[in-house]
Number of protein chains: 2
Amino acid sequence: MAKTKSEIHRDAKHAEIVEAARRLFIDAGYDQTSMSRIAEEAGVAPNTIYWYFADKDALLVAVLDSLLTAALKRFVAKAMRPPQEPALEADLCWLLNELDHLKTLIATVHARVSSSTAVHTWHGNFHRAFEAVLSARLAAYGVHASDLASASRVSMFVVEGIAAHPTSAKDRRALVKWLAATLDRGAF
Amino acid sequence: MAKTKSEIHRDAKHAEIVEAARRLFIDAGYDQTSMSRIAEEAGVAPNTIYWYFADKDALLVAVLDSLLTAALKRFVAKAMRPPQEPALEADLCWLLNELDHLKTLIATVHARVSSSTAVHTWHGNFHRAFEAVLSARLAAYGVHASDLASASRVSMFVVEGIAAHPTSAKDRRALVKWLAATLDRGAF
DNA sequence: ACCTGAACACCGTTCAAGT
DNA sequence: ACCTGAACACCGTTCAAGT
């Protein structure tokens with residue numbers, strides 16, 4: 001279905017607001033970014049944002065979605081290239097790199113899960129989807145089926161922990177090495 | 001050194017404010033709790049709090065400290081009793097129980113680490129102290145010295161991850177079992 | 001349908017003034 | 001030294017009014 005001219009304009013405005021919010025949320029932080037600042041950056045009046053989004057949390061969810069689809073695109077591109085050995089370790093490092101500049105946003109999501117139903121449902125969906133992908137990946141590495149759930153969840157927690165806490169490059173390498181080794185050798 | 005009457009009064013007022021803040025931060029959440037509400041609960045004028053604490057973050061740090069010393073007291077009491085077998089698993093479960101009603105506060109700390117230097121330094125000190133205790137505990141369980149750092153950090157991240165994410169009792173048990181088994185068998 | 005100016009209720013914090 | 005009433009600058013959000 002072709003889009004009308006006004007629909008195009010609407011989508012452009014929508015994208016412009018999300019882009020401004022993404023930039024500001026990441027650079028300055030969610031709490032430190034006011035709706036007025038986002039509006040200014042997007043070239044609209046502050047209350048215009050409320051025509052496109054129910055509230056600030058809905059805008060946050062839109063930003064998270066845009067980041068997720070962008071990361072997914074990079075992930076697919078990466079999957080096309082020949083894997084780097086050791087593959088599992090490389091995968092975990094790639095994931096950590098992806099999350100590196102999002103640490104403040106991750107913390108924001110966890111903080112708002114309990115007070116915003118929109119963020120809460122997004123967070124639930126994200127973890128379900130992510131653990132499914134991670135499980136498939138780990139299964140390919142030979143992790144036993146009955147342990148996939150625990151294995152993927154532990155991986156997720158360790159990755160999130162590293163991302164959330166200041167960790168020296170050396171410690172980070174040691175942790176990734178340990179996690180990969182544990183999963184590889186079928187400790188489960 | 002004996003305390004003067006006014007010092008006693010001062011300490012009482014101080015404690016009363018911290019107690020009110022702790023109750024409200026845990027029950028309603030940090031962001032959802034206004035300074036006015038805390039003041040009301042503590043029976044003072046809103047701006048009186050600023051006589052005792054530099055800002056809301058300083059009050060948060062005071063609450064965290066009060067929670068930490070209380071938990072430490074329970075930990076010592078627990079250490080006096082004969083350990084429950086399997087000991088490592090029991091320790092991790094105890095820790096998870098301690099953190100259970102603090103999940104929102106943990107998320108708040110992680111969210112504010114990047115914007116408040118007071119919270120940032122508290123968080124750093126906490127992790128250093130906690131990993132030292134955990135390392136000693138794991139060393140007693142026979143974890144090799146060279147792997148203590150990674151082992152304690154992974155344990156910390158998994159425990160924090162479980163606390164931060166909705167986890168069924170069954171999944172929680174499975175994760176604790178896995179972590180204990182991995183550490184026990186000297187996978188490191 | 002889309003956008004705005006003006007307003008609302010509230011927030012953390014400050015300050016001059018009281019005791 | 002300790003506490004307060006009143007104010008400040010700002011916040012997310014709403015609403016009536018415009019096109």
Side-chain angles (χ1 to χ4, degrees), chain A residues 1-22 24-25 28-63 108-109 111-112 114-119, chain B residues 1-18 20-22 24-25 27-63 108-109 111-112 114-119:
Chain A
M1 174 100 77
K3 288 181 179 175
T4 68
K5 202 180 272 185
S6 75
E7 274 174 335
I8 291 172
H9 175 259
R10 182 173 215 282
D11 290 355
K13 220 62 186 158
H14 183 101
E16 216 167 333
I17 294 170
V18 172
E19 202 180 320
R22 184 184 56 208
L24 289 165
F25 285 169
Y30 180 82
D31 284 324
Q32 285 74 30
T33 301
S34 69
M35 295 296 265
S36 306
R37 186 78 185 78
I38 297 168
E40 189 184 350
E41 204 84 355
V44 295
N47 45 358
T48 299
I49 297 177
Y50 290 88
W51 180 259
Y52 292 90
F53 302 94
D55 50 28
K56 200 181 178 185
D57 284 307
L59 183 49
L60 173 60
V61 167
V63 167
T108 301
V109 169
R112 299 210 59 72
S114 59
S115 55
S116 158
T117 63
V119 175
Chain B
M1 172 99 78
K3 289 182 178 176
T4 68
K5 203 181 273 185
S6 75
E7 275 175 333
I8 290 173
H9 175 259
R10 180 172 217 284
D11 290 355
K13 220 61 186 156
H14 188 278
E16 216 168 333
I17 293 171
V18 172
R22 185 185 54 208
L24 289 165
F25 285 170
D27 291 349
Y30 179 81
D31 284 323
Q32 286 74 30
T33 301
S34 69
M35 295 296 267
S36 306
R37 186 80 184 77
I38 298 168
E40 189 184 350
E41 204 84 357
V44 295
N47 45 358
T48 298
I49 297 177
Y50 291 88
W51 180 260
Y52 292 90
F53 302 93
D55 52 27
K56 200 180 177 184
D57 283 308
L59 183 49
L60 173 60
V61 167
V63 166
T108 300
V109 169
R112 299 208 60 71
S114 59
S115 55
S116 158
T117 64
V119 174

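Throughout, a chain's letter reflects where its sequence line sits, starting with A, and its residues are numbered from 1.
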Nearest 0.5 Å, what's the CD-CG distance between B:Q32 and B:D27?
12.0 Å
How long is the span from the CG atom in B:D57 to the CZ atom in B:R112, to the nearest 0.5 Å?
4.0 Å
Tell me: [atom1] of [X] to [atom2] of [N], nearest whole Å?
X     : N      : atom1 : atom2 : value
A:H14 : C:dA1  : NE2   : P     : 18 Å
B:Q32 : C:dC10 : CD    : P     : 15 Å
B:R37 : C:dG12 : CZ    : C1'   : 17 Å
A:K56 : D:dG12 : NZ    : P     : 4 Å
B:M35 : D:dA6  : CE    : P     : 20 Å
B:W51 : C:dT13 : CH2   : P     : 17 Å
B:Y50 : D:dT4  : OH    : C1'   : 15 Å
A:F53 : C:dC3  : CZ    : P     : 12 Å

Pairwise 5' ranking along DNA chain D for B:G43 and A:D55, keeping only the more 5' one
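Upstream on the strand: B:G43.
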Give the dot-bracket string for DNA chain D, reading 5' to 3', where a pair is Watson-Crick or G-U wobble with both distances under 3.5 Å, ( ) marks pairs inside the strand, [ ] marks pairs crossing earlier ones, | marks a partner on another strand, and . marks unpaired.
||.|||||...|||||.||
How would you label the contact of B:S34 with the nucleic acid (heavy atoms, under 4.0 Å): base, sugar-phosphate, or nothing?
sugar-phosphate
On a heavy-atom basis, which atom in [X] and which in [Y] lie closest, and how many Å separate them?
X      : Y     : value
B:M35  : B:I49 : O-CD1, 3.5 Å
A:T108 : A:L60 : CG2-CD2, 4.2 Å
B:A54  : B:A58 : N-CB, 3.9 Å

With sequence neighbours left out, what residues match [X] under ring pair (Phe, Tyr, Trp, His ring centres under 6.0 Å)?
X     : value
B:Y52 : none
A:Y30 : A:F25
B:F53 : B:H14

Please tabulate, one pair per line, all N/O donor-acceptor pairs under 3.5 Å involving side-chain atoms of residues 15-22 of chain A, not counting sequence neighbours.
none

Identify all pairs in which a protein N or O lies below 3.5 Å from an N or O of nucleotides 16-19 of chain C, and state each distance.
none

Closest to the A:Y52 side chain: C:dT13, C:dC3, D:dC11?
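So the side chain of A:Y52 is nearest to C:dC3.
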